[in-house]
Amino acid sequence: MSDFISVRTAYYKDQQCELSKKRKIWAKDEKGLLLKNKDGRSYKVFETKTEKHKGTIELLDHILRFKNTNSLNPNEDLSHLNTNFVGSDFENLDLIDAYNKVKIDFEAETGKKSRKDMNTTLEMIVIFSEEQIEFLEKQLKLKYPNLSKSDIQIKLAKGLEKRLKAHCEGEENVHGMKFIGGSLHMDEGHVDQASGKWKRNIHAHCLFFNYDFKFMRQPLKPLSSHQPYIRQSLADSKRDDDLRVSNDEELTKYKLNQNFVAMQDRVAESFKHLGFRRGISKQITNAEHKDKSVYVREEKIKREIRQKKLEENINTVLEKQKIEIESNRNEIMSQKKEITNLEKTLESIRNVYNKFQKWFKEISSGGLSDVIERAADEVVTASIDANIIYNEKQITAINNTEISAEIERKQRLSTKLRNI
């Protein structure tokens, strides 16, 4: 889908902490086989597992881009497009002050001090399709042709922020959790390996405080129970203790929580007028969300693997070219040697020609038979030497019978010259 809008959620403690969780599991041996008791039955044992939980302060560090937990992959040329916003009850406050104020209001309302391990914050991350964002930017450019690209992006970001605030105010009325505020990030993304272009990951962080001030309850636990949530007081609903998420993973592993499915439906409805459509459920795609740091780390490893393969391919090509160059160099050396042999042959022929000229002069002055005999011997010798110099490979290829016939023919020529 090129025009999707999707939602994923996460919850955060008040402060970062480690908690020990105790649960019953089937007793198994080292090979993973079920252990049996004396009666031959499988049995369960308690397992204690320590889990790390992120705190709201660390979340705000990322959202507001403090140096403590800065984003892993921002494009600083686009960071000026990011916007922060707060709920209507916190208009004069920033996001951190808004969180602290609602926490103080909670403590005053309940008469209890919030613990550091309290689930104080629900984060709703709204993810926008880059293709649809680009379409909206083009539409704005047609409407405002005199605006620069940066001004168009700023105008769109302001429009998205306004719509996000309106939606979150309505979301508060559904489940009762207090809308604190959020941040729209327009600068995150990654470089696409195929095109080499920056691919934007446009998303918004929307934060809700886990307390319904109207019905004086914390909605997060019943929302997470896989049972339909109705906003009402505790007296009119089941107690939270009866709405715990099942520990049986087989019952909940492939079942989506319909409360959060409905949350995504409502987001899609809010942004339908901008051309966005609801993302496909992971129950259909079987896709599992990965933590951002894990995703970025895996993408980095993939890039390194691709880079290594590319370097190996380049080295292979270079090695082949090196072999071809060496082969061509040897061929050139062979041709140079052949040219040298031809030059020597030509020089021998020139010498024979010069001797013939000398002999003809001597013939004209007398001593014909001596000159002819000497000339015949030298012609035979020069011819044989010339052939040897011209092409050693060709001479080697001639069998002994052919060589003998050639020498015999030339000797007969010499005899005839002597009998003249």
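Computed from a prediction, not measured in an experiment: that's the story for all the values here. In what follows, residues are counted from 1 in the order of the sequence shown. Scope of the values below: all heavy atoms of this structure, side chains included, with no hydrogens, waters or symmetry mates.
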Between S327 and I323 (side chain of the first, backbone of the second, donor and acceptor by atom type, cut-off under 3.5 Å), is there such a pair? no
NZ of K155: more than 12 outside heavy atoms within 6.0 angstrom? no
Of all heavy-atom pairs between V86 and A98, which one has the smallest distance, and what is that distance? CG1-CB, 4.4 Å
Determine, stepwise, if the pair N82 / L184 fulfils side chain to side chain contact (heavy atoms under 4.5 Å, CB included). CA-CA 6 Å; N82 295 344; L184 176 64; over 6 Å; no
Heavy-atom pair of closest approach, residues K178 and F90: CE-CZ, 4.2 Å
Any Lys/Arg nitrogen of R329 or E326 sitting under 4.0 Å from an Asp/Glu carboxylate oxygen of the other? yes
F260, CZ: over 12 other non-hydrogen atoms inside 6.0 angstrom: yes
Could you tell me whether K197 and E130 have a side-chain N and a carboxylate O separated by less than 4.0 Å? no
Can you tell me how far CE of M177 sits from CG of L220, rounded to the nearest 0.5 angstrom? 5.5 Å
List the steps and the verdict of side chain to side chain contact (heavy atoms under 4.5 Å, CB included) for M186 and L78. CA-CA 7 Å; M186 304 283 285; L78 300 175; 5.5 Å; no
Heavy-atom side-chain proximity of I314 to L318 below 4.5 angstrom: yes
Taking the six-membered ring for Trp, are the ring centroids of F4 and F276 within less than 6.0 Å of each other? no
Quick one: does N330's side chain get under 4.5 Å of I332's, heavy atoms only? no
Check whether more than 12 heavy atoms from other residues, nucleotides or ligands sit under 6.0 Å from atom NZ of K162, and answer yes or no. no
Do we see a donor-acceptor contact under 3.5 Å between the side chains of T120 and Y11? no
Can you check side chain to side chain contact (heavy atoms under 4.5 Å, CB included) on V174 and M263, steps first, answer last? CA-CA 9 Å; V174 175; M263 187 179 292; over 6 Å; no
Roughly how far apart are I104 CD1 and K113 NZ, rounded to 0.5 Å? 9.0 Å
Is there a side-chain hydrogen bond (donor to acceptor under 3.5 Å, both in side chains) between D187 and N75? Walk through the geometry before answering. CA-CA 5 Å; D187 62 345; N75 184 342; over 6 Å; no
Taking the side chain as C-beta and beyond, is there a heavy-atom pair between L147 and L140 under 4.5 Å? no
Verify salt bridge (Lys or Arg N to Asp or Glu O under 4.0 Å) between K214 and E172, making sure each step is shown before the conclusion. CA-CA 11 Å; K214 181 178 179 179; E172 178 181 334; over 6 Å; no
Considering non-hydrogen atoms only, spot the tightest contact between Y12 and G55 and give its length. CD2-O, 3.9 Å
Indicate yes or no: does D212 engage R217 in a salt bridge with an N to O separation below 4.0 Å. no
What's the spacing between L35 CG and Y43 OH if we round to 0.5 Å? 4.5 Å
One thing to verify: whether D105 and K101 come together as a salt bridge, which I'm taking to mean a side-chain N less than 4.0 angstrom from a carboxylate O. yes
Can you check whether L81 reaches I154 side chain to side chain, under 4.5 Å on heavy atoms? yes
N/O donor-acceptor pair under 3.5 Å between Q264 side chain and V7 backbone: yes
Would you say the side chain of E123 lies within less than 4.5 Å of the side chain of C206, judging by non-hydrogen atoms? no
Are any of the side-chain heavy atoms of R278 and D265 separated by less than 4.5 Å? yes
Closer than 4.0 angstrom, basic N to acidic O: yes or no for R266 and E269? no
dist T83:OG1 -> L160:CG (nearest 0.5 Å) comes out at 8.0 Å
Could you give me the CA-CA distance, side-chain angles and deciding distance for H185 and S79, then say whether side-chain hydrogen bond (donor to acceptor under 3.5 Å, both in side chains) is met? CA-CA 8 Å; H185 287 175; S79 294; over 6 Å; no
Specify whether H167 and F271 have parallel, tilted or perpendicular ring planes, treating 30° as the upper limit for parallel and 60° as the lower limit for perpendicular. tilted
Lys/Arg N to Asp/Glu carboxylate O, E107 vs K112, below 4.0 Å: no
Salt bridge or not between R350 and E347? Use side-chain N to carboxylate O under 4.0 Å. yes
From Q321 atom CD to T316 atom OG1, the distance as rounded to the nearest 0.5 Å: 11.0 Å
Check for a donor-acceptor pair, side chain of N328 on one end and backbone N or O of E324 on the other, with a separation under 3.5 Å. yes
Looking at every heavy atom in both A27 and V45, which two are closest together, and how far apart are they? CB-CG1, 4.0 Å
For residues N84 and S183, is any side-chain donor paired with an opposing acceptor at under 3.5 Å? yes
Of all the heavy-atom pairs spanning Q132 and L274, show the shortest one and how long it is. NE2-O, 2.9 Å
Here the side-chain hydrogen bond (donor to acceptor under 3.5 Å, both in side chains) pairs for residues 134-144, sequence neighbours left out, are E137-R200
Donor-acceptor under 3.5 Å (N37 side chain, D39 main chain): yes
Classify the ring geometry of F208 against F179: parallel below 30°, tilted from 30° to 60°, perpendicular beyond 60°. tilted
Using side-chain hydrogen bond (donor to acceptor under 3.5 Å, both in side chains), reason through S148 and D151 one step at a time and then give a plain yes or no. CA-CA 5 Å; S148 66; D151 290 337; 3.1 Å; yes
For H203 and F128, work out which heavy atoms get closest and say how close. CA-CD1, 4.3 Å
So, does N259 use its side chain to make a donor-acceptor pair with the main chain of Y229 at under 3.5 Å? yes
Does CG in N92 sit with more than 12 non-hydrogen atoms of other residues, nucleotides or ligands closer than 6.0 Å? no
Please evaluate residues I349 and N351 with respect to the criterion side chain to side chain contact (heavy atoms under 4.5 Å, CB included), reporting the C-alpha separation (whole Å), side-chain torsions for both, the decisive distance (0.1 Å), and the verdict. CA-CA 5 Å; I349 292 172; N351 291 334; over 6 Å; no
Salt bridge present between D14 and R115 (N-O < 4.0 angstrom): no
Can you measure from CG (N315) to NZ (K322) and round to the nearest 0.5 angstrom? 11.5 Å
Side-chain touch L122/T9, heavy atoms, less than 4.5 angstrom: yes
Are L207 and L60 close enough that some pair of their side-chain heavy atoms sits under 4.5 Å apart? yes
Only one of N119, T121, D117 forms a side-chain hydrogen bond (donor to acceptor under 3.5 Å, both in side chains) with K13, so which one is it? N119
Quick check against the 3.5 Å criterion: does T110 have a side-chain atom that pairs as donor or acceptor with the backbone of F106? yes
